[in-house]
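Every chain is numbered from 1 and lettered A, B, ... according to where its sequence line falls, protein lines coming before strand lines. Treat the numbers as computed from the prediction; the structure is a model and nothing was measured.
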There are 2 protein chains.
Amino acid sequence: MSGNKDSDFKNPLFTVDSVLFTVIDKELKVLLVKRASEPYIGCWALPGGFIDIDIDHSADMTALRKLKEKTNVAPQYLEQLHTYSGLARDPRGYSVTLVYYALTSAVEASTHIETVDDAKWVSIEELDILPIAFDHKHIIEHAQQRLKQKALYSMVPIFCLPELFTIGQFKSVLEAILGKPVQRKTIIRRIDAADILEKVDEKIKSGGRLAHLYKVKPNVDIVNFERNLSY
Amino acid sequence: MSGNKDSDFKNPLFTVDSVLFTVIDKELKVLLVKRASEPYIGCWALPGGFIDIDIDHSADMTALRKLKEKTNVAPQYLEQLHTYSGLARDPRGYSVTLVYYALTSAVEASTHIETVDDAKWVSIEELDILPIAFDHKHIIEHAQQRLKQKALYSMVPIFCLPELFTIGQFKSVLEAILGKPVQRKTIIRRIDAADILEKVDEKIKSGGRLAHLYKVKPNVDIVNFERNLSY
DNA sequence: GTTAATTGTGTCACTGAGACACAAAGATAA
DNA sequence: TTATCTTTGTGTCTCAGTGACACAATTAAC
């Protein structure tokens, strides 16, 4: 932008965006917000913005703050995806965007979203028919790929679930992320190998035997497995 | 994004650094350069600098360009590690640094490095006794952890080797990265499962049977395995 | 020739995912 | 009540790939 004293180089515009995922009705969804200003006004974009160096201790804070503005809750999981840069991705000029991907429980985040009309959950298929700003469609695909990979070897998908959940719900989330069926037996084996979940009591499900409820034990690290599920 | 004008926020200083690894004498090494200016003048730091938006098509180019200035060759492997940000990491103020990690063959990169005195290969143990600038020690440890993880499930460590190499050399590289012994049999099994290497002819090694030489097949993608090596 | 060192092969045990059968428990309808 | 349907949970077999280790093959040094 304006010339700066510290270097001979123009400092590119730096922003932080997030790809927030959840699973609703056995379908993987992404949170998008409608742009209120140029460029790409009216198009759907990833939630994000500039670092406010007075309140954001680090870029993680920026991502969390921007997500909370839209959903009213902090996501259960947040991790860096990639930093995108270049001249072609924003008509205003050279830009650098640090992108996070995040997971949240649908029930907690959706109550607030449904009251506004500039933010909504979008399924992956809808990305082809909605007008998406910048290179955000490409970024979302990249994030989806990464989430898929992660789901193969970790328990991270539990962060798409509410505090209490059943194995059946976990199975649905996993299948939505992977796009293919998973054996319940495999999930159960992993749950007690990971040793990060505990049973509580019971709960009724649509027709059929009552399912155990699980919740995440307090203060546990996410476990990675040595073997992947099959691709 | 936000409805604010672009210039409402102070844009933090943005830089690109790289953690370039190689293996020399069965030991994992990192390329460091001596700082010629304040802050941390005289300390050792990761090679990097500012994006030159006139010549760097993207941040990848910046990382490659800066590494080539120091080693005279492009690294065989380059991937984003993490973007670090905050007020505490640079005395000059709020900073954002996109860090890559990279791999190169020792023989190709070292010829040039040995002619200069402001760049050198540093072993992981030396990090404790050398003065390291900024939070770069922490970043290097992070990169090493990531490389270790990657070595468990991919063939990426071959990029620490010259064009032609033996299984024994590959074994050494892997053991230097993982910090623990690996069965030769396991490596051989993975080499022909991956199907990205081909034998060429023969070559003598320090006392003992002649070892086959391998090289990477042209235009192959790096293979990931479904199972990790043991931690 | 003998020995030492390294490369390469054969094979057994173990672990965890995939697959599938089947039992258990509740809902619904006759 | 009984029969049927649905979902949950268990038992178990197969299969693939790693770890471990024994052993054969090949070359250098003495």
Side-chain angles (χ1 to χ4, degrees), chain A residues 26 148-155 157 161 164-175 177-214 223-231, chain B residues 26 148-155 157 161 164-175 177-214 223-231:
Chain A
K26 310 195 174 198
K148 215 180 223 172
Q149 198 57 35
K150 199 117 191 165
L152 294 174
Y153 65 83
S154 94
M155 297 288 280
L161 292 165
L164 298 179
F165 56 90
T166 67
I167 292 178
Q169 289 173 318
F170 190 21
K171 182 171 184 285
S172 294
V173 164
L174 223 50
E175 291 176 340
I177 292 172
L178 297 177
K180 77 181 222 58
V182 178
Q183 296 272 333
R184 193 197 341 273
K185 183 72 180 179
T186 300
I187 296 175
I188 294 173
R189 274 192 293 232
R190 285 191 153 200
I191 282 178
D192 56 55
D195 193 36
I196 62 169
L197 301 183
E198 55 186 4
K199 290 186 185 174
V200 276
D201 41 344
E202 313 237 335
K203 183 193 177 184
I204 194 165
K205 259 299 264 188
S206 61
R209 182 173 170 175
L210 298 186
H212 280 105
L213 278 176
Y214 288 80
V223 176
N224 290 345
F225 301 100
E226 291 197 1
R227 298 196 195 177
N228 281 2
L229 302 179
S230 63
Y231 297 123
Chain B
K26 308 194 175 200
K148 214 182 226 172
Q149 197 57 35
K150 199 116 189 163
L152 294 175
Y153 66 83
S154 94
M155 296 290 280
L161 293 165
L164 298 179
F165 56 90
T166 68
I167 291 178
Q169 289 173 317
F170 190 20
K171 182 171 184 288
S172 294
V173 165
L174 224 49
E175 291 176 340
I177 292 173
L178 297 177
K180 76 180 220 63
V182 178
Q183 298 271 334
R184 192 197 335 278
K185 184 71 179 180
T186 301
I187 296 175
I188 294 173
R189 275 192 289 234
R190 284 191 154 200
I191 282 179
D192 56 55
D195 193 37
I196 62 168
L197 301 183
E198 55 185 5
K199 290 185 185 175
V200 276
D201 40 346
E202 311 235 338
K203 182 193 178 183
I204 195 164
K205 261 296 266 186
S206 60
R209 181 171 169 179
L210 298 186
H212 279 106
L213 279 176
Y214 287 81
V223 175
N224 291 345
F225 299 101
E226 290 198 3
R227 299 195 193 179
N228 281 2
L229 302 180
S230 64
Y231 297 122

Sugar-phosphate only, base, or nothing, as touched by Thr166(A) at under 4.0 Å among non-hydrogen atoms: nothing
Nearest-nucleotide pick for Leu210(A), side chain only, options being dG10(C), dG26(C), dT18(D): dG26(C)
Spacing of Ser154(A) atom OG and Asn228(A) atom CG [to the nearest 0.5 Å]: 10.0 Å
Interatomic distance where CD belongs to Glu226(B) and P belongs to dC15(D) [whole Å]: 17 Å
Other residues, nucleotides, ligands: >12 heavy atoms within 6.0 Å of Lys180(A) NZ: yes
Side-chain N,O (His212(A)) to OP1/OP2 (dT8(D)) below 4.0 Å: no
Spacing between Asn228(B) atom CG and dT15(C) atom P, to the nearest angstrom: 17 Å
Runs of at least three Watson-Crick or G-U pairs with DNA chain C, cut-off 3.5 Å: C:1-30 with D:1-30
From OG1 (Thr166(B)) to OH (Tyr214(B)), nearest 0.5 Å: 9.5 Å
Distance (rounded to the nearest 0.5 Å) between Ile188(B) CD1 and Leu197(B) CG: 12.0 Å
Spacing of Asp201(A) atom CG relative to dG26(C) atom P, expressed in whole Å: 14 Å
Upstream residue (5' side of DNA chain C) when Phe225(A) and Arg189(B) are each assigned their closest nucleotide: Arg189(B)
Sugar-phosphate, base or nothing in reach of Arg190(A), heavy atoms under 4.0 Å: sugar-phosphate
Residue-phosphate contact under 4.0 Å: Gln183(B) side-chain N/O, dA20(D) OP1/OP2: yes
For atom CD1 of Ile188(B) and atom C1' of dT7(C), their distance in whole Å: 8 Å
Lys26(B) side, atom NZ; Leu174(B) side, atom CG - distance, nearest 0.5 Å: 12.5 Å
Phe170(A) side chain near Ile191(A) side chain, heavy-atom distance below 4.5 Å: yes
Atom-pair distance (CD1 on Ile191(A); P on dT8(D)), nearest Å: 12 Å
Whole angstrom value for the distance that separates P of dG17(D) from CE of Met155(B): 14 Å
Any Ser230(A) side-chain nitrogen or oxygen under 4.0 Å from OP1 or OP2 of dG18(C): yes
Closest listed nucleotide, where the reference is the side chain of Arg227(A) and the choices are dT10(D), dA20(D), dG16(C): dG16(C)
Whole-Å distance separating the NZ atom of Lys203(B) from the P atom of dT7(C): 11 Å
Check: Glu175(B) side chain, Val182(B) main-chain N or O, donor-acceptor pair, under 3.5 Å: yes
dA17(C) OP1/OP2 closer than 4.0 Å to side-chain N/O of Thr186(A): no
N/O donor-acceptor pair, side chain Lys185(B) with base dG19(D), under 3.5 angstrom: no
Donor-acceptor pair under 3.5 Å, Arg209(B) side chain vs dT26(D) base: no
Pair Arg227(B)-Phe225(A), side chain to side chain contact (heavy atoms under 4.5 Å, CB included): steps then yes or no: CA-CA 9 Å; Arg227(B) 299 195 193 179; Phe225(A) 301 100; over 6 Å; no
Spacing of Arg184(A) atom CZ relative to dG9(D) atom C1', expressed in whole Å: 7 Å
